[in-house]
Number of protein chains: 2
Amino acid sequence: MKLSQGVEWMLHGVGVIAHAPPGTSVARRVLAEQYDLPEAYLAKHLKALVRAGILTATTGPAGGFRLARDPADITALEIVEAIEGSASPFVCQEIRQRGLVAVPPELCRRPCGISTVMDRAHQAWRESLRDVTVVDLMRLIPKSLRDKLVARLAANAR
Amino acid sequence: MKLSQGVEWMLHGVGVIAHAPPGTSVARRVLAEQYDLPEAYLAKHLKALVRAGILTATTGPAGGFRLARDPADITALEIVEAIEGSASPFVCQEIRQRGLVAVPPELCRRPCGISTVMDRAHQAWRESLRDVTVVDLMRLIPKSLRDKLVARLAANAR
DNA sequence: GAGTCTGTACTCGGATATCTTCTGTCCGAGTTCTCTAGG
DNA sequence: CCTAGAGAACTCGGACAGAAGATATCCGAGTACAGACTC
């Protein structure tokens, strides 16, 4: 079980985009330089966030990415699932219905108990991430650096 | 993020092994037939559980696998982590220390805030799985099938 | 008849290919700004 | 001097290779039982 590193990039990245001056966008080049990330690959993950309705993208010289909604309405869970997908990491293959002591289909109306156990854990994980909003992510940046960040974003906004 | 299917196999498998008559082992062939699984690949995961101290393996004609400890002392979390590893699915690459607005090392004594958020979610996931023991897994098998299972295990024990 | 020895059959364990998924990259479509030319 | 037009530069988006990990498999090492042989 491994999370894509795009999750880390986007959790940091959305926190940066959220600091952009109102009405301005952050170009992916600016974001890539911010953390010294490969720009082309970063694009892939940004695109996923646009599809998920978390960011909006505008093209052209003054284009870039900005939040699609209020930062308080966007959760870390949404960001993670935009990249990793919302499917559970545990996929029940119904092996109980196979083999020598197969469970007859009429007893399989309810999901497999193992599957329930795993899903419950997954829900606990999701709940934890749902409690964190982009506002919280913004607060994670040390204050001294926040000023530098905002200055840089303002300088790159056109 | 995807869990190996070995997790499903072993959660079911340990539940089966736990039903073996006292003093007997379950051969991997018997376990493979139980759910119609590829025996050779199943071996890989069983080995992982032996390394983790969850099962003990004995060779020879009457050999096989049995629980290394009391079923009430073995948690689902142990089984999952024996296969997937105990590392967090989120690995912090410390990208905050890179790029144009890099955080100076003296401010990085504490772990990155993003990392903390993800680790908290991971701990919630682990806690949920830690609450489930092998005894619980045994109870997940419907009673009517449990009798058939025990009979089969007794017939294959030598 | 009892004990011992040898052989066989059965078990698990490590090393080895194949394939899907993540990682990384490139070039094309679209838009806005700017510069220039004309009125 | 002002306005309109065309060009250029900058943006994002989808299609294309390479690498790492999961999946699947085989053959070898070790052990307990069973049979046969000897005393």
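As the structure is a computational prediction, the values presented were derived from the model and not from experiment. Lettering follows sequence order; numbering is per chain, from 1.
- In this structure, A:T116 contributes its side chain and A:C112 its backbone to a donor-acceptor pair below 3.5 Å.
- Spacing between atom CD of B:E33 and atom P of C:dC10 amounts to 13 Å, rounded to whole angstrom units.
- No chain of hydrophobic side-chain contacts below 4.5 Å, direct or via other Ile, Leu, Val, Met, Phe, Trp or Tyr residues, connects A:M10 to B:V91.
- At the phosphate of D:dT23, OP1 or OP2 sits under 4.0 Å from a side-chain N or O atom of B:S4.
- Residue-level contact check: B:G64 touches the backbone only, with heavy atoms under 4.0 Å from sugar-phosphate atoms and none from bases.
- Of the residues B:R51, B:R130, B:R126, the one that meets the salt bridge (charged side-chain N to carboxylate O under 4.0 Å, His left out) test with B:E81 is B:R126.
- Out of C:dG24, C:dG13, C:dA9, the shortest distance to the side chain of B:A57 is found at C:dG13.
- Two residues, A:E39 and A:G60, neighbour DNA chain C, and the one matched to the more 5' nucleotide by heavy-atom proximity is A:E39.
- Heavy atoms of A:S25 sit nowhere under 4.0 angstrom from any nucleic acid atom.
- Of the residues near DNA chain D, A:A40 and A:M1, the one whose nearest nucleotide (by heavy atom distance) lies more toward the 5' end is A:A40.
- At a cut-off of 3.5 angstrom, counting only N and O atoms as typed in the model, there is no donor on one side facing an acceptor on the other between the side-chain of B:K44 and the base of C:dG13.
- Under the side chain to side chain contact (heavy atoms under 4.5 Å, CB included) test applied with B:I17, the options B:V30, B:I54, B:L153, B:L55 reduce to a single match, B:L55.
- Atom-to-atom, CG of B:L46 to C1' of C:dG13 comes out at 12 Å; the value is rounded to the nearest Å.
- Distance B:E84 CD to D:dA22 P: 7 Å, rounded to the nearest Å.
- Taking atom CD of A:Q5 as the reference point, atom P of D:dA19 lies 16 Å away to the nearest angstrom.
- Whole-Å rounding puts the A:R29 CZ to D:dT11 C1' distance at 10 Å.
- The nearest whole Å value for the distance from the OH atom in B:Y41 to the C1' atom in C:dT16 is 15 Å.
- When the P atom of C:dT23 is taken as reference, atom CG of A:L42 falls 13 Å away, rounded to whole Å.
- Aromatic rings from B:H122 and B:F90 are positioned such that their centres are separated by 6.0 Å or more.
- Atom CG in A:D36 sits roughly 12 Å away from atom P in C:dG24 (whole-Å rounding).
- Checked against C:dT11, C:dG14, D:dT23, the side chain of B:K47 finds its nearest nucleotide in C:dG14.
- Closest to the A:R28 side chain, of the nucleotides C:dT23, D:dC12, C:dT11, is D:dC12.
- Heavy-atom nearest nucleotides on DNA chain C were determined for B:V26 and for A:A43, and the one closer to the 5' end corresponds to B:V26.
- Of the candidates D:dG13, C:dA9, D:dA24, the closest approach to any side-chain atom of B:W9 belongs to D:dA24.
- Contact of A:R51 with D:dG13 (side chain to base): no donor-acceptor pair of N or O atoms is detected under 3.5 Å.
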